[in-house]
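Working notes, beginning with the structure itself.
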Amino acid sequence: MKVILPDSTELELPDGATGLEAARAIGPKLAEQAVLVRSNGRVQDVRLPLAEGQPIQFLTTRDTSDPDALSVLRHSAAHLLAEAVRRLYPGVKVAIGPPIENGFYYDFQFPEPIREDDLERIEAEIDRELEEGRSWEREEISAAAAKQRFLEENEPYKVELVATAEGPISLYTQGGFTDLCRGPHLQDSAPIKAVKLTSLAGAYWRGDERNTQLTRIYGTAFYSQADLDAHLERLEQAKTRDHRRLGLQLDLFHFDEHSPGSPFWHPKGMTIFNTLEELRRRENRRRGYHEVKTPLIYEKALWVTSGHWDKFRENMFLIPLDDGHEYAIKPMNCPGHMLLFGSALRSYRDLPLRYAEAAPLHRDELAGALHGLTRVRHVTQDDAHIFCTREQIDSELDGTLVYLRYVYGLFGLEPRAELSTRPDNKLGTDEEWDFTEGALIQALDRHEIDYFVGEGEGSFYGPKIDLHMTDVLDRSWQLGTIQLDAQMPARFGLTYMGADNHEHPVFVIHRAYFGSFERFIGILVEHYAGAFPFWLAPVQLRLIPVAENHREAVHALRTRVEADGFRVDVDEREETLGKRVREAEVEKIPFTVVYGDKESDEALAVRERGGEQSTRSLEALLVDFRAEVATIGT
RNA sequence: GCCGGAGUAGCUCAGUGGUAGAGCAGCGGUUUUGUAAGCCGCGUGUCGCGGGUUCGACUCCCGCCUCCGGCUCCA
């Protein structure tokens, strides 16, 4: 047989040769260092036979930052962890232990709960294993033999995994520990130079909260101690951009235990909020939306009609009254907008009708799910509902996608798009979902938007196009969403009178681009690391009088710049100039003007965020400011 | 909600049974400042909340709340 090497030469090998045999044919050093074989973008264990005629590339212990090479290293480290835990905690049951982004984990069922202190002990045991050295043996056996083996070892989770496994069953053994595992793995533990166990957490077996909760140990591993140190340093660095930390430092918002999950917006944070709100209003107006306001609290009957009582009640704040009535604070605007639409007879001439509302919503999120601004109970969506005919769906979806591109483009955000399809608890028939999902897919295709499919991730009333962004801690959050809904208008009996003098069903597109102001601002804080673009910055210009006798001139300057609609403040504290300049920098204010004996309206000492200094006239500065704001197309 | 960790001054944190501490911030004074921290002085506190053990609890025990890292769930 033949394989093709990266320099396009062909390598002749005996039939059925493995990657390891190919490596030996090239050189003993390569055979020793090979950790993986990559072929056509896929990686496989060096112990497995190669495919005839395919290009191959070896990943070695020197490819220390290749994601695949790191992944196999970490996967093997996970097995070392399991070996160590089995030795230290007799009676422990092992579940699964895959590599993940930036590390690995392994799930166990411990006979007695363990604590974070135990990690140190386990880590020491892993280090001991590494010192002794481990090598991995691979074998393939039948499912029946594997089941028998894990029954004998009293490993019920492995038995269950064998039962649902597809394809041939492979086992990897090192240091007397045999694991059911698809691989690939290292040949030897020597390249594992640094292993660190990072945290302990509960995790449900197979990700289902009805199952037993296992104990998950997270860790990471690298080909060198220096790489591990650099990784830990990056994590520390990321923390400095965390919106929760910057929110306090920049005086944007805070949280208080008297209302968990609901931010208190400080004046500076509110400036950002309101600036986004103005943007939303302006663009909605340009694109034919009508702003409305609907009630915050509704009687139970409304939620029954909308389906929320059945599908969403656990997330709603309920208000039982003495008279036996039950109310709930709205978690979404849609039912209110349904009532608004239904409050009059609608003609085909009225459609499409686009209602926009950024009302505060409340969702009773699980306490453990709350997270800064990105997961709150007080949610303000930049919400809108487009009521349209079946024929108008495509063009309305086009409008929402053009709008979507505009919004994300303003911030230079590049979210990932997800098509979220019918969930288990859906309303309506499969035929209806075929239609609504199909309409979203076609819209994505028309706009050449790449997306991945989230099976069963749709809302109970319709499929969605969701936009996701990751935060500094690599957590993914859903921001915008575009949802096509045939269910809710039907449940509210919404129709319009067609040109044919007959009633026709109405469709609704639910859409939001920020998703929620709260989450969006959280993501923006991290995206800009607190250094907001001029148009969004809470304070755009800080004025610093050099000495007391310059205050009057500075106040006049302030009045003049504010008259042009810019946000200015003055730092006239009796602190040294150096200190006040430093604080303006720490507060990430885009422009600072120092004003002393040498300055006049014709010659201002301008300092930009980052330290660049220049001299500009007041008029020139205002021209620059107007140009900055023009970037968002006012 | 579940697993693990934490809660001490406005912020970041030290303090492990015997009278609560540091840096920054703040306040008072001094300096009148030229582009990232001038100098001197002052501790500002129900040690998250409630109960218990003890002669004595920030410290030990129990319950609760909140936050942090995960799981589950979601904008």
Quiz item: Under a 3.5 Å cutoff on both atom distances, Watson-Crick or G-U, what's the dot-bracket for RNA chain B ([ ] crossing, | other strand)?
Solution: (((((((..((((....[..))))((((((.......))))).)...(((((..]....))))))))))))....

For [X] and [N], is the shortest distance between a side-chain N/O and OP1 or OP2 below 4.0 Å?
X        : N     : result
A/Arg245 : B/U12 : no
A/Ser199 : B/G69 : no
A/Arg210 : B/U72 : no
A/Arg582 : B/G38 : no

Quiz item: So, A/Arg244 and A/Asp242, do they make that salt bridge, N to O below 4.0 Å?
Solution: yes

Face-on cation placement of [X] at [Y] ring, 6.0 Å and 45° thresholds:
X        : Y        : answer
A/Arg121 : A/Tyr89  : yes
A/Arg511 : A/Tyr289 : yes
A/Arg287 : A/Tyr403 : yes

Minimum-distance nucleotide to [X] side chain [options: [options]]:
X        : options             : answer
A/Asp597 : B/A36, B/G34, B/G38 : B/G34
A/Glu257 : B/G34, B/C65, B/A75 : B/C65
A/Ala547 : B/U32, B/A75, B/G38 : B/U32
A/Tyr218 : B/C71, B/G34, B/C67 : B/C71
A/Arg244 : B/G70, B/G34, B/C68 : B/C68

When we call it a touch if two heavy atoms are under 4.0 Å apart, what does [X] touch: a base, just sugar-phosphate, or nothing?
X        : answer
A/Ile114 : sugar-phosphate
A/Lys239 : nothing
A/Arg519 : base
A/Gln478 : sugar-phosphate
A/Ala369 : base

Given the structure, check if the side chain of [X] and the base of [N] hold any donor-acceptor pair shorter than 3.5 Å.
X        : N     : answer
A/Arg375 : B/C73 : yes
A/Glu574 : B/G38 : no
A/Glu365 : B/A75 : yes

Self-check item: Positions of residues 201-209 of chain A (non-hydrogen atom under 4.0 Å from RNA chain B), listed by number
Solution: A/Ala201, A/Gly202, A/Ala203, A/Tyr204, A/Gly207, A/Glu209

Quiz item: If you find the nucleotide of RNA chain B closest to A/Glu457 and the one closest to A/Gly596, which residue's nucleotide is nearer the 5' end?
Solution: A/Gly596

Quiz item: When the distance from CG of A/Asn315 to P of B/A75 is rounded to whole Å, what number comes out?
Solution: 10 Å

Exercise. Rounded to the nearest angstrom, tell me the gap between atom CD in A/Gln381 and atom C1' in B/C74.
Key: 11 Å

Identify the two heavy atoms, one from [X] and one from [Y], that lie closest to each other, and give their separation to 0.1 Å.
X        : Y        : value
A/Gly456 : A/Thr421 : N-OG1, 3.0 Å
A/Val195 : A/Phe104 : CG1-CZ, 4.2 Å
A/Val94  : A/Tyr157 : O-CB, 3.5 Å

Exercise. May I ask you to decide if A/Pro263's main-chain N or O and A/Glu518's side chain share a donor-acceptor pair within less than 3.5 Å?
Key: no

Self-check item: Derivation of the side chain to side chain contact (heavy atoms under 4.5 Å, CB included) call for A/His308 and A/Phe460
Solution: CA-CA 9 Å; A/His308 285 81; A/Phe460 66 85; 4.0 Å; yes

Self-check item: Residue list, side-chain contact (heavy atoms from CB on, under 4.5 Å) with A/Glu587, at least two apart or on another chain
Solution: A/Lys268, A/Arg542, A/Glu583, A/Ile589

